[in-house]
There are 4 protein chains.
Amino acid sequence: MYLLCKPNERSIGLRGRMDNLTEKKKAIFESTLELVKVNGFHGTPMSQIAKNAGVAAGTIYHYFESKDALIMELYGYILNQRMAALLTADNEQMEFKERFLNFWISYCNFYIQHPKALFFIEQFVNSPYGTRDPVNETERFQNEFKDFVISGIETGILKPIDGYLLGPLIHGSIVTTAKIHLCRKIELTTNELRQVAEVIWDGIKISS
Amino acid sequence: MYLLCKPNERSIGLRGRMDNLTEKKKAIFESTLELVKVNGFHGTPMSQIAKNAGVAAGTIYHYFESKDALIMELYGYILNQRMAALLTADNEQMEFKERFLNFWISYCNFYIQHPKALFFIEQFVNSPYGTRDPVNETERFQNEFKDFVISGIETGILKPIDGYLLGPLIHGSIVTTAKIHLCRKIELTTNELRQVAEVIWDGIKISS
Amino acid sequence: MYLLCKPNERSIGLRGRMDNLTEKKKAIFESTLELVKVNGFHGTPMSQIAKNAGVAAGTIYHYFESKDALIMELYGYILNQRMAALLTADNEQMEFKERFLNFWISYCNFYIQHPKALFFIEQFVNSPYGTRDPVNETERFQNEFKDFVISGIETGILKPIDGYLLGPLIHGSIVTTAKIHLCRKIELTTNELRQVAEVIWDGIKISS
Amino acid sequence: MYLLCKPNERSIGLRGRMDNLTEKKKAIFESTLELVKVNGFHGTPMSQIAKNAGVAAGTIYHYFESKDALIMELYGYILNQRMAALLTADNEQMEFKERFLNFWISYCNFYIQHPKALFFIEQFVNSPYGTRDPVNETERFQNEFKDFVISGIETGILKPIDGYLLGPLIHGSIVTTAKIHLCRKIELTTNELRQVAEVIWDGIKISS
DNA sequence: AATGAATGAGGTTTCATTCAT
DNA sequence: CATGAATGAAACCTCATTCAT
């Protein structure tokens, strides 16, 4: 069993695989990501995205129908990257608790290593764009995570909490922790991340 | 001891007291809040704010220097409202765990009862505005919350986690839960809110 | 009986009376009319219309929703002017043939005296805008003209031709004649206009 | 005597013979014709013309110097087609009136059978392109038609009207009638077309 | 204090045209 | 010959802000 669904099984809703991205499309994505982190969606004109990507303004419109479409596709692009990172880190052989902690830490590390992705996602889901997301961010997480959690509940390891609640709660803890690491001076070591993960674990596991 | 600081003690950084708000200023605030929830900052022009508030476009500029200033002041206005709600709910006489649960639930209820405030805050802190916030949102929470948490750690009730981490984690859990209630079909009763709060509690308390 | 309908009876479809036009709206209309004659719809950017009208580019958008809306309203504005001119010239007391000739000549004179209006109308009806005209130009003419023509047919003065055909045919002759006067060196005197009108008359009357 | 000039005698001004048109050039012409009818000159980008013609955007520029050149050449192409149709229909052996009626009806039928050509021509002559037409449309008609009309006047059959006026008037009646057939519900039979032509004839002939 | 017409900088987007392949 | 990605000037339009009333 995969902790996360395999891409070809449930990747419905992820627009565009990242494999066959042209160099130019990727440059536009990265340029946007960079600028949005600093200036936000509104503060980032297409002209600046173009210049920063090293292409002409009009070129963007060969690859994306509009600024909105660019933002939406970029969101899918980032989710794909995130899923790839998590699939790599996951290990079905691990014992449940260890697998959970490993998952939590990998997830958090992805955001720590891709701060622009984190800030983009957070801006996205908390803006009107978020409501247009075909599969909502938190719901998506919950989908990915559901099977794993359900098996935990069924085997009596986890508290019987509604999956619609448990997924987002865990995701929230990951995002919050990554943000603290990125915004504050506290630099969290992998060991400290593990401690935070264990706090969450203590919260959701059934106390023996 | 106050769980939250008393307004007149630490309200530095909150621009504008809410007591002597003119009717018109309040109307502008509420109009903005309403529109930003649906359309976001960018999608909400001043003209629309004005119309929705029943005033002329120019009038807004008697009360606020600019659109940015309006947004920033509105942020302070909302934080004041939130603080007032929490001060009312808090009860110094309660036993520690109960006081924590009560606090968590009250906080969550504030967001549930003021969805526009929740979405405004979340948009605000995840946008470039957020970085201009003199006292950052999560930090603010942590400030408000610090004394209470510290006493919990000192008396051996809570795990010795860095307050810079614990505050945001708890706040994150509250926000996430409120969002789920507001966005999803699951309607959480006070009882269910309590269960979520207890999950958090189980995470942060020292297991006996 | 009016040769043309009285404005308040059948003016449905005429968007906006011209009476209460602000000075600025009128300036925008006249500016557009002037520029469209020389450069066509496509060759006339809003910026030029604005400059030529002595207003800022944005000002146009207080009065018109879009460039298309401006063109459509301008069309209505011109039709109103034309109708006013024809109502003034018409005289119910005249004998049928004389009234027809008088009408034909007045109509032609309107175009000769308002060449910008003529070229605007001709461009309009022969462009995709034309199909959006709620009441088509030729149909409109036919409506205006119908009662008069019908009475001519009923009293045995005119050939029994379908009104859908007769109206446009006459209108076409008027437009063509006005264009020749405006584009070519032949300057047609009122007397010569009358001769052309009589050719048309000879065509449609029942030969005794 | 030809009613219309023979192509090789007076076809000066018609850019591009239609005989040796490559398949590709013809495809571009037809594609343009089709799109301009629906969207107008402005609403028809080169990219769309290319796609609709089944060629690449750049390919058009092997055949035409610019969009303007394409439009201008297409105009000549259509006029050639029209002339060919009229030459086929004309019959020098006919008696004058019959020949006129035959001509009028053939002309009208060409437009009815080639609605895209009609709308293109009408758009063309009523746009800034029209003024660039080396031989103006109405003037061209008058040239084609002149000899025939002059002989009619000289033999006392037609009223002595200036040819600059008579030609356009007749052409206007043809265009108007064809448009009514195409745009309105009245479907005119050949017989009815003949009736309209006779109205025109009654107008221009000398009444006995 | 209140208005809202007017401004114009600057945003998004289109599209005729070019050119390396 | 043919392609179509790339260009960038210029179009349309928005909207924060001002100011005469």
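Proteins come first, then strands; the chains are lettered A, B, ... in the order of their sequence lines, and each starts at number 1. Given the structure is predicted, the values throughout are model-derived calculations rather than measurements. Computed over heavy atoms, backbone and side chain alike; hydrogens, waters and symmetry mates excluded.
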Counting only distance, no hydrogens or angles, is the base of E:dA5 paired donor-acceptor with the side chain of C:H62 under 3.5 Å? no
Using the ring-ring contact (aromatic ring centres under 6.0 Å, His included) definition, which of the options D:Y77, D:F119, D:Y75 pairs with D:F124? D:Y75
Give the rounded distance in Å between these two atoms: [atom1] of [X] and [atom2] of [N].
| X | N | atom1 | atom2 | value |
| --- | --- | --- | --- | --- |
| C:D68 | F:dA11 | CG | C1' | 13 Å |
| B:I71 | F:dA16 | CD1 | C1' | 12 Å |
| A:E23 | F:dA5 | CD | P | 16 Å |
| A:L35 | E:dT12 | CG | P | 12 Å |
| A:L70 | E:dG11 | CG | P | 16 Å |
| A:F64 | F:dA6 | CZ | P | 12 Å |
| B:I28 | F:dA16 | CD1 | P | 14 Å |
| B:I60 | E:dG4 | CD1 | C1' | 12 Å |

Quick one: list whatever passes salt bridge (Lys or Arg N to Asp or Glu O under 4.0 Å) with C:K67, sequence neighbours left out. none
If each of A:T59 and C:T59 is mapped to the nucleotide of DNA chain F with the nearest heavy atom, which maps nearer the 5' terminus, i.e. the 5' end? A:T59
If you assign B:H42 and C:M46 each to the DNA chain F nucleotide with the nearest heavy atom, which residue ends up on the more 5' nucleotide? C:M46
Stepwise ring-ring contact (aromatic ring centres under 6.0 Å, His included) check, D:F29 with D:F64: CA-CA 11 Å; D:F29 275 156; D:F64 307 96; 5.4 Å; yes
Could you tell me how the ring of A:Y129 sits relative to the ring of A:F41: parallel (under 30°), tilted (30 to 60°) or perpendicular (over 60°)? perpendicular
Nucleotide nearest B:V55 (side chain, heavy atoms from C-beta), chosen from F:dA11, E:dT3, F:dC13: E:dT3
Closest to the B:A56 side chain: F:dA11, E:dG11, E:dG4? E:dG4
Among D:V55, D:L70, D:T22, which residue meets the side-chain contact (heavy atoms from CB on, under 4.5 Å) test with D:Y63? D:T22
Requiring both pairing distances under 3.5 angstrom, list the stems that contain DNA chain E and are made of three or more consecutive Watson-Crick or G-U pairs. E:2-21 with F:2-21
It should be established whether D:Y63 places a side-chain nitrogen or oxygen under 4.0 Å from OP1 or OP2 of nucleotide F:dA2. yes
Phosphate-side-chain proximity, D:K67 and E:dC15, N/O vs OP1/OP2 below 4.0 Å: no
Judged by atom type as modelled, is there a donor-acceptor pair below 3.5 Å linking the side chain of B:N126 to the main-chain atoms of B:E122? yes
Starting from the 5' end of DNA chain E, give me the residue, B:A57 or A:E65, whose nearest nucleotide shows up first. B:A57
For the student: nearest non-hydrogen atoms of A:A117 and A:I78, plus distance: CB-CG2, 3.8 Å
